[in-house]
Amino acid sequence: MVTRRDFLFSSVLPAALMARVPAAAATQYDLVIKGGRVIDPAQKMNGFFDVAIRNGRIAAVRAGIPASEAAEVLDGTGKLVTPGLVDIHAHPRPGELSAERVLAGGVTTVVDGGSRGAENIQDMVDVSDKAPNRLRALINICKKGNFADGELLDLKNVDQDAARNAIRARRNVIVGVKARLSRATAGENDLEAIRLAHKVTKAFGIPLMVHVGDTRSSMPEILALLEPGDIVTHVYSPPPNNIFDNAGRILPPVREARRRGILFDVGHGLNGHFTWETADRALQQDFLPDTITSDLNGNGLIAQVFDFPNVLSKFLLLGMSIDQVVARATVSSARAIPALKELGTLKTGAVADVTVLELVEGNFEFADNIGGKRTGRRRLFARAVVAGGKKWNGEMSPPPPAEPHA
């Protein structure tokens with residue numbers, strides 16, 4: 001049985017995993033990751049190859065790259081080597097969840113999902129400027145961001161001119177717009193909030209992400225207003241007004257929305273966004289998510305979410321293949337945000353974002369948002385990460401506090 005001590009010991013990258021190769025007159029590569037199973041869905045690649053990095057870019061992916069050609073070697077034996085994980089819905093906001101902790105979970109690119117609006121988006125710009133990984137943001141259409149007094153219950157909290165000005169000034173950080181449409185945050189204004197948000201997104205060709213779950217309007221009414229490239233997050237929310245009809249079948253307008261380019265995102269989180277029953281029902285009807293995201297915040301570090309690989313592991317438990325899961329955490333997520341479309345792959349010349357994962361066999365307890373627990377036989381752990389060609393030397397994410405059990 002795998003013990004908690006084993007995981008705690010292995011959550012820090014062992015010294016033996018990294019080896020400094022004596023410098024030759026001139027090494028060809030800065031770093032080579034050797035011996036791992038490379039999974040790069042963008043290239044339909046799944047096999048045992050070495051990954052070479054030079055000057056912050058992927059220089060080669062092939063078998064048998066000599067260690068002597070690298071200034072540094074990372075031993076990937078027994079591990080999965082994937083493009084750097086891309087989480088397009090989390091909340092690395094100041095004082096709550098650090099970019100370093102997100103990176104420790106193998107996430108080389110993270111998008112803040114609307115924590116701040118036009119009045120306080122500088123908070124996220126400051127975090128982005130200092131982050132060791134690539135941190136981008138969706139600007140909340142509510143000018144005060146999440147948890148504002150009234151949020152979209154009062155449409156005076158929407159200032160489209162201020163939002164547009166903020167985006168113009170910070171195009172390098174702001175990559176989309178977010179609107180929370182639940183009754184508690186938008187009430188009867190959910191559809192109007194979409195219309196107002198589109199007056200911002202269309203000016204820049206950026207996507208709108210809408211938070212659903214317990215909305216006043218029905219899912220078909222919401223989807224009818226969305227544009228190709230827009231993203232519905234919390235797709236596996238329970239009733240009311242979710243993606244199912246009263247008989248538990250996927251609504252035809254949901255499938256039609258997907259056909260016309262609307263994307264459906266997990267957005268796991270903590271608060272009624274993800275249940276085993278809804279996810280099971282959708283996957284049984286072949287309605288897989290387009291993107292898997294954590295919706296990780298400070299509280300999520302100690303409950304349900306823990307880190308991005310833990311969320312990905314839940315979809316292995318639900319029956320998705322490792323290739324399907326990795327795709328939705330790399331290339332599919334990168335392509336969902338136009339500003340990130342070149343990421344999520346290990347193709348030669350790409351930015352050298354690489355995550356080394358271990359798929360551990362055992363008995364692991366996973367929880368949904370309403371207290372449901374299931375035992376899975378496999379869990380992914382981030383063991384090493386390279387962001388922009390730079391190896392992360394900090395500790396990787398620790399395991400969940402509960403011990404694996406027999």
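Model, not experiment: these values are computed from the prediction.
With sequence neighbours excluded, the residues that form a side-chain contact (heavy atoms from CB on, under 4.5 Å) with L263 are I231, D290, A336. Taking the side-chain hydrogen bond (donor to acceptor under 3.5 Å, both in side chains) definition, one finds that K390 meets it with nothing, sequence neighbours left out. Partners of S294 by side-chain hydrogen bond (donor to acceptor under 3.5 Å, both in side chains), not counting sequence neighbours, listed by chain and number: D87. For the side-chain hydrogen bond (donor to acceptor under 3.5 Å, both in side chains) test, residues two or more places apart in sequence or in another chain that qualify with D323 are N46. For F244, there are no ring-ring contact (aromatic ring centres under 6.0 Å, His included) partners two or more places apart in sequence or in a different chain. In terms of the ring-ring contact (aromatic ring centres under 6.0 Å, His included) criterion, residue partners of F315 (sequence neighbours excluded) are, by chain and number, F274. In this structure, the side-chain contact (heavy atoms from CB on, under 4.5 Å) partners of T185, at least two apart in sequence or on a different chain, are E151, R180, S182. Listed by chain and number, the residues in a side-chain contact (heavy atoms from CB on, under 4.5 Å) with N157 are C142, K143, K144, D154 (sequence neighbours excluded). With sequence neighbours excluded, no residue forms a salt bridge (charged side-chain N to carboxylate O under 4.0 Å, His left out) with E221.
Taking 4.5 Å as the limit, some side-chain heavy atom of R195 sits within range of a side-chain heavy atom of L225. Between V212 and N242 there is no side-chain heavy-atom pair separated by less than 4.5 Å. Side-chain contact between L138 and V177: absent, with no pair of heavy atoms (C-beta onward) separated by less than 4.5 Å. Between R37 and I322, some side-chain heavy-atom pair lies under the 4.5 Å cut-off. Side chains of I370 and P238 form no contact here, defined as non-hydrogen atoms less than 4.5 Å apart. For the pair R170/I121, a side-chain contact is recorded, criterion being any heavy-atom separation below 4.5 Å from C-beta on. In this structure, F381 and V360 have side chains that are in contact, with non-hydrogen atoms separated by less than 4.5 Å. Here the side chains of V331 and T345 are not in contact, with every heavy-atom distance at 4.5 Å or above.
Scanning all heavy atoms of the two residues, the minimum distance from A179 to L152 falls at CB-CD1, 4.4 Å. What you find for L74 and L31 is that their closest heavy atoms are N-CD1, 4.1 Å. Shortest non-hydrogen contact noted between P94 and V127 is CG-CG2, 3.7 Å. What you find for V38 and V61 is that their closest heavy atoms are CG1-CG1, 4.4 Å. Residues T233 and H211 approach most closely at CG2-CA, 3.7 Å, considering heavy atoms.
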Working note: L288 + Q324, criterion side chain to side chain contact (heavy atoms under 4.5 Å, CB included); need CA distance, chi angles, decisive distance, verdict.
CA-CA 9 Å; L288 279 63; Q324 289 174 321; 3.7 Å; yes
Starting from the C-alpha separation in whole Å, work towards a yes-or-no answer on salt bridge (Lys or Arg N to Asp or Glu O under 4.0 Å) for K202 and E227.
CA-CA 10 Å; K202 289 180 179 179; E227 301 284 342; 3.3 Å; yes
For M219 and L251, run side chain to side chain contact (heavy atoms under 4.5 Å, CB included): C-alpha distance rounded to whole Å, both residues' side-chain angles, the deciding distance at 0.1 Å, then the answer.
CA-CA 9 Å; M219 184 62 68; L251 289 161; 4.3 Å; yes
Using side chain to side chain contact (heavy atoms under 4.5 Å, CB included), reason through F204 and R168 one step at a time and then give a plain yes or no.
CA-CA 9 Å; F204 301 97; R168 287 189 191 99; 3.6 Å; yes
K373 and E365: CA distance, side-chain angles, deciding distance, salt bridge (Lys or Arg N to Asp or Glu O under 4.0 Å) verdict
CA-CA 7 Å; K373 296 181 179 179; E365 185 176 87; 3.8 Å; yes
Begin with the C-alpha distance, continue with both residues' side-chain angles, and end with the deciding distance and a verdict on side chain to side chain contact (heavy atoms under 4.5 Å, CB included) for V354 and T82.
CA-CA 6 Å; V354 188; T82 74; over 6 Å; no
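Between E358 and R383 there is a salt bridge, since a side-chain N of the basic residue sits under 4.0 Å from a carboxylate O of the acidic one. The pair R54-D30 fails the salt-bridge criterion, with no side-chain N (NZ, NE, NH1 or NH2) lying under 4.0 Å from an Asp/Glu carboxylate O. Between R260 and E256 there is no salt bridge, since no side-chain nitrogen of the basic residue lies less than 4.0 Å from a carboxylate oxygen of the acidic one.
Expressed to the nearest 0.5 Å, how far CZ of F147 lies from CG of N140 amounts to 10.0 Å. Here the straight-line distance linking atom CZ of F366 with atom CG of L317 works out to 6.5 Å at 0.5 Å rounding. The structure places CZ of R136 at 9.5 Å from CG of N133, a figure rounded to the nearest 0.5 Å. The CZ atom of R62 lies 12.0 Å from the CZ atom of F49; values are rounded to the nearest 0.5 Å. One finds the OG1 atom of T330 at 10.0 Å from the CD1 atom of I292 (value rounded to the nearest 0.5 Å). To the nearest 0.5 angstrom, I337 atom CD1 is 9.0 Å from I206 atom CD1.
For the residue pair N241 and S218, no side-chain donor N or O sits within less than 3.5 Å of a side-chain acceptor on the partner. Using modelled atom types, one finds a donor on one side chain and an acceptor on the other under 3.5 Å when comparing D40 with Q43. Side-chain contact, D190 with S217: a donor N or O sits under 3.5 Å from an acceptor N or O. Defined by atom type and a distance below 3.5 Å, a donor-acceptor pair is missing between the side-chain atoms of N369 and N271.
More than 12 non-hydrogen atoms from other residues, nucleotides or ligands lie less than 6.0 angstrom from CG of D129. Annotation for Q285: atom CD counts as buried by contact number, over 12 foreign heavy atoms lying within 6.0 Å.
For R258 and F287, the positive end sits near the middle of the six-membered ring, less than 6.0 Å away and at most 45° from its axis.
Across L343, L346, V385, L85, a single residue satisfies side chain to side chain contact (heavy atoms under 4.5 Å, CB included) together with D353, and that is L343. Exactly one of D295, N310, N297, V311 qualifies for a side chain to side chain contact (heavy atoms under 4.5 Å, CB included) with V305. That residue is V311.
For residues 306-316, the salt bridge (charged side-chain N to carboxylate O under 4.0 Å, His left out) pairs, not counting sequence neighbours, are D307-R379. Within the structure, every pair that satisfies the salt bridge (charged side-chain N to carboxylate O under 4.0 Å, His left out) test and touches residues 90-117, not counting sequence neighbours, is listed here: R93-E96, R116-D123. Within the structure, ring-ring contact (aromatic ring centres under 6.0 Å, His included) pairs that include any residue of residues 86-128 comprise H89-H91, H89-H234 (at least two apart or interchain).
Here the side chain of N165 pairs a donor or acceptor atom with the backbone of D161 at under 3.5 angstrom.
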